[in-house]
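The residues of the chain are indexed from 1 along the displayed sequence.
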Amino acid sequence: VQLQAFGGGLVQAGGSLRLSCAASGDAFSKHAGGWFRQTPGKEREFVAAISWYGDRTYYGDSVKGRFTISRDNADNAMYLEMNSLKPEDTAVYYCGRLKTPLYSGSYFYSISEEYDYWGQGTQVTVSS
């Protein structure tokens, strides 16, 4: 299983970026996916997650109303649309796969230890 995150870059505050996460084979099939971010010296922070079927989404408080997570199961891909970006959104963004298949609860999405595979990370820098 391999995940690859891409789409990061440098953007001015108020701008937008769209991150993509491509999975090998059917790695995302029947698994929820999530995005986390991390800055130096800090723990990985939950950003957003989407259920395996794509019918439920979850967001961290700091990104609610600005970010939108989506997935395309046919293409084994997941996306993060980021709008109204702020300098504090600057971080390395990682996509991950929730390890429990067909998970139907709501508790595990924000816990990084519940993810078994991660992409390599993509840098997002928001200038003020």
Side-chain angles (χ1 to χ4, degrees):
V1 175
Q2 287 187 329
L3 304 179
Q4 184 177 6
F6 54 95
L10 174 64
V11 63
Q12 288 188 333
S16 299
L17 278 175
R18 187 185 193 225
L19 304 184
S20 299
C21 181
S24 61
D26 60 351
F28 267 142
S29 176
K30 298 181 175 57
H31 285 266
W35 290 94
F36 285 70
R37 65 188 183 187
Q38 191 168 23
T39 55
K42 294 189 176 181
E43 293 186 355
R44 198 164 285 193
E45 176 192 7
F46 171 69
V47 175
I50 187 165
S51 63
W52 69 272
Y53 192 68
D55 58 335
R56 289 173 289 139
T57 56
Y58 304 86
Y59 297 94
D61 289 341
S62 61
V63 306
K64 282 180 182 176
R66 300 188 297 122
F67 291 12
T68 303
I69 188 171
S70 61
R71 66 187 295 161
D72 184 338
N73 286 344
D75 287 342
N76 276 298
M78 183 174 63
Y79 308 98
L80 185 68
E81 186 75 33
M82 304 186 295
N83 298 315
S84 302
L85 283 162
K86 304 175 182 179
E88 49 264 44
D89 293 319
T90 295
V92 178
Y93 284 70
Y94 298 90
C95 62
R97 188 187 83 163
L98 195 75
K99 61 186 176 183
T100 303
L102 303 175
Y103 180 63
S104 60
S106 61
Y107 179 71
F108 289 155
Y109 293 108
S110 63
I111 303 174
S112 61
E113 289 80 7
E114 294 298 327
Y115 290 74
D116 55 357
Y117 291 98
W118 295 94
Q120 82 286 5
T122 184
Q123 176 71 47
V124 172
T125 302
V126 184
S127 63
S128 57

How long is the gap from [atom1] on [X] to [atom2] on [Y], to the nearest 0.5 Å?
{"X": "Met78", "Y": "Ile50", "atom1": "CE", "atom2": "CD1", "value": "8.5 Å"}
{"X": "Phe67", "Y": "Ser62", "atom1": "CZ", "atom2": "OG", "value": "7.5 Å"}
{"X": "His31", "Y": "Asn73", "atom1": "NE2", "atom2": "CG", "value": "11.5 Å"}
{"X": "Glu114", "Y": "Leu98", "atom1": "CD", "atom2": "CG", "value": "6.5 Å"}
{"X": "Cys21", "Y": "Trp35", "atom1": "SG", "atom2": "CH2", "value": "5.0 Å"}
{"X": "Glu81", "Y": "Ser20", "atom1": "CD", "atom2": "OG", "value": "9.0 Å"}

hydrophobic_cluster_shared for [Y] and [X], side chain cutoff 4.5 Å:
{"X": "Val124", "Y": "Tyr94", "answer": "no"}
{"X": "Ile111", "Y": "Tyr103", "answer": "yes"}
{"X": "Val92", "Y": "Phe46", "answer": "yes"}
{"X": "Val47", "Y": "Leu3", "answer": "yes"}
{"X": "Phe6", "Y": "Ile69", "answer": "no"}

* To do: Take atom CD of Gln2 as the centre, draw a 6.0 Å sphere, and report whether it contains more than 12 heavy atoms from other residues, nucleotides or ligands.
  =>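 Not more than 12 within 6.0 Å, no.
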* To do: Kindly state each residue pair satisfying salt bridge (charged side-chain N to carboxylate O under 4.0 Å, His left out) with at least one member in residues 33-45, sequence neighbours excluded.
  => Arg37-Glu45, Arg37-Asp89
* Less than 4.5 Å apart, any side-chain heavy atom of Thr90 and any of Gln123? -> yes
* To do: Measure from the side-chain N and O atoms of Arg71 to the backbone N and O of Phe28, and report whether any donor-acceptor pair falls under 3.5 Å.
  =>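 Yes: the side chain of Arg71 pairs with the backbone of Phe28.
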* To do: Verify, without hydrogens or angle tests, whether Arg66 (side chain) and Ser84 (backbone) share a donor-acceptor contact under 3.5 angstrom.
  =>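 Side chain of Arg66 to backbone of Ser84, a donor-acceptor pair under 3.5 Å: yes, one is there.
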List the atom of [X], the atom of [Y], and the distance in Å for their closest heavy-atom pair.
{"X": "Leu19", "Y": "Thr122", "value": "CD2-CG2, 4.0 Å"}
{"X": "Tyr79", "Y": "Ala77", "value": "OH-CB, 3.4 Å"}
{"X": "Phe36", "Y": "Tyr109", "value": "CZ-O, 3.7 Å"}
{"X": "Glu113", "Y": "Lys99", "value": "O-NZ, 3.4 Å"}
{"X": "Tyr58", "Y": "Ser106", "value": "OH-CB, 3.6 Å"}
{"X": "Leu80", "Y": "Ala48", "value": "CD1-CB, 4.1 Å"}

* Going by side-chain heavy atoms closer than 4.5 Å, which hydrophobic residues are tied to Leu102, directly or by a chain of links? ->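 The other cluster members (ILVMFWY side chains, heavy atoms under 4.5 Å, direct or chained) are Trp52, Tyr53.
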